[in-house]
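Here the structure is laid out as structure tokens; the discussion comes afterwards.
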Amino acid sequence: MESIKVHAPATVANVGCGYDTIGFALDGVYEEIIVSKRSDERLVLQSIEGADLSLDPEQNVATIAAKALLNHIGIKAGFDFQIKKFFRPGSGLGSSASSAAGAVYAVNQLLPNPLKTSELLPFALEGEAFASKCYHADNVAPSLLGGFIAIRSYDPLDYFALPIANELHVLIVRPSVEVKTSEAKGIVPKSLDIATARNQWGNLASLVHAMHMKNWSRLKASIQDFIAEPVRKSLIPGYEEVRTVAHDHECVGFNISGSGPSMFSLFTASESLEKAKREINVFYKQKGISCDFFTSRMSDVGCQIID
Ligand code: HSE
């Protein structure tokens, strides 16, 4: 095989109570990466559509992640990368994680002895860490592997999959402001008092149980964040109003997606999602703020070969 086209899904990280700890893959929202072998040993970014990003391979998450993989296995090989972004960086949907995951997945497929997909996670993490200035896997793990992933430990890296709820309808609301993960990380508190930490642990434990039991009222109660949401919501125009609409339409979970500005909302009925979406659309139109929507499901499919 000389060339490969891969889709790497967008992801919802944190899921309210799991800052840097949990995230799930979305269905139908993805980044496309075409990787082709070169005859020399260079990593070359041929094009990036859908985002104004550097083509310098030392400054791009895809090539940084690919280089980390090639260095690890000690193979001297060169590749061209063509990236098409169907969701913008700075959206809160894990754009840099999708690039990093898609790049290592595609390059690995073109190697003589490919590693297992799960073995690629540390290299995808290298790319993501460059973009967000922090080592966190809650986007990159579900984008690479699919599903709903919980990271128990970063050193050593230890993660596991929660059951996904593909019967739930996921509404993503993305007002058109950009929030850089590196900046949104900077405003999160550096320390917590024990009462706040206890509330957060309780919610996270409860969310895990809710996903196993498919108990959506418990899920709704658990998707509550005492760490990032209180400081980050001010970066998102209309956050409180959108949350109110989602709750008025009986969502079973609402919060910031990753570091925002996208917000996710979970519904058991697609009619409720559609009603909420219409109201939110009217709200942003009245405010003069443009806004995009994605309707999706949680997905157990991570990076996959398209051609
Ligand atoms: N867990 C990360 C954060 C996700 O909230 O900063 C964004 O990449």
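When a ligand or atom number is given, it counts from 1 through the structure's own listing order.
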(message) For the backbone of P9 and the side chain of S98, can you confirm whether one donor and one acceptor N or O come within less than 3.5 Å of each other?
(response) yes

(message) Tell me whether the rings of F86 and Y30 are parallel (<30°), tilted (30 to 60°) or perpendicular (>60°).
(response) perpendicular

(request) Indicate yes or no for a side-chain donor-acceptor contact from N14 to the backbone of G258 under 3.5 Å, with no hydrogens or angles considered. (result) yes

(message) Given 3.5 Å as the limit, does a donor-acceptor pair link the side chain of N215 with the main chain of A210, or not?
(response) no

As a test of reading the model: which N/O atoms of the protein lie under 3.5 Å from N/O atoms of ligand 1, and at what distance?
residue	atom	partner	partner atom	Å
ligand 1	1 (N)	N14	OD1	2.8
ligand 1	1 (N)	D20	OD1	2.5
ligand 1	1 (N)	D138	OD1	3.3
ligand 1	1 (N)	D138	OD2	2.6
ligand 1	5 (O)	N14	ND2	2.7
ligand 1	5 (O)	R232	NH1	2.7
ligand 1	5 (O)	R232	NH2	3.4
ligand 1	6 (O)	K185	NZ	2.8
ligand 1	6 (O)	R232	NH2	2.9
ligand 1	8 (O)	N139	OD1	2.9

(request) If the plane angle is over 60° it's perpendicular, under 30° parallel, otherwise tilted; pick one for F24 and F264. (result) perpendicular

(request) For N166, check side chain to side chain contact (heavy atoms under 4.5 Å, CB included) against everything at least two apart and list the hits. (result) I164

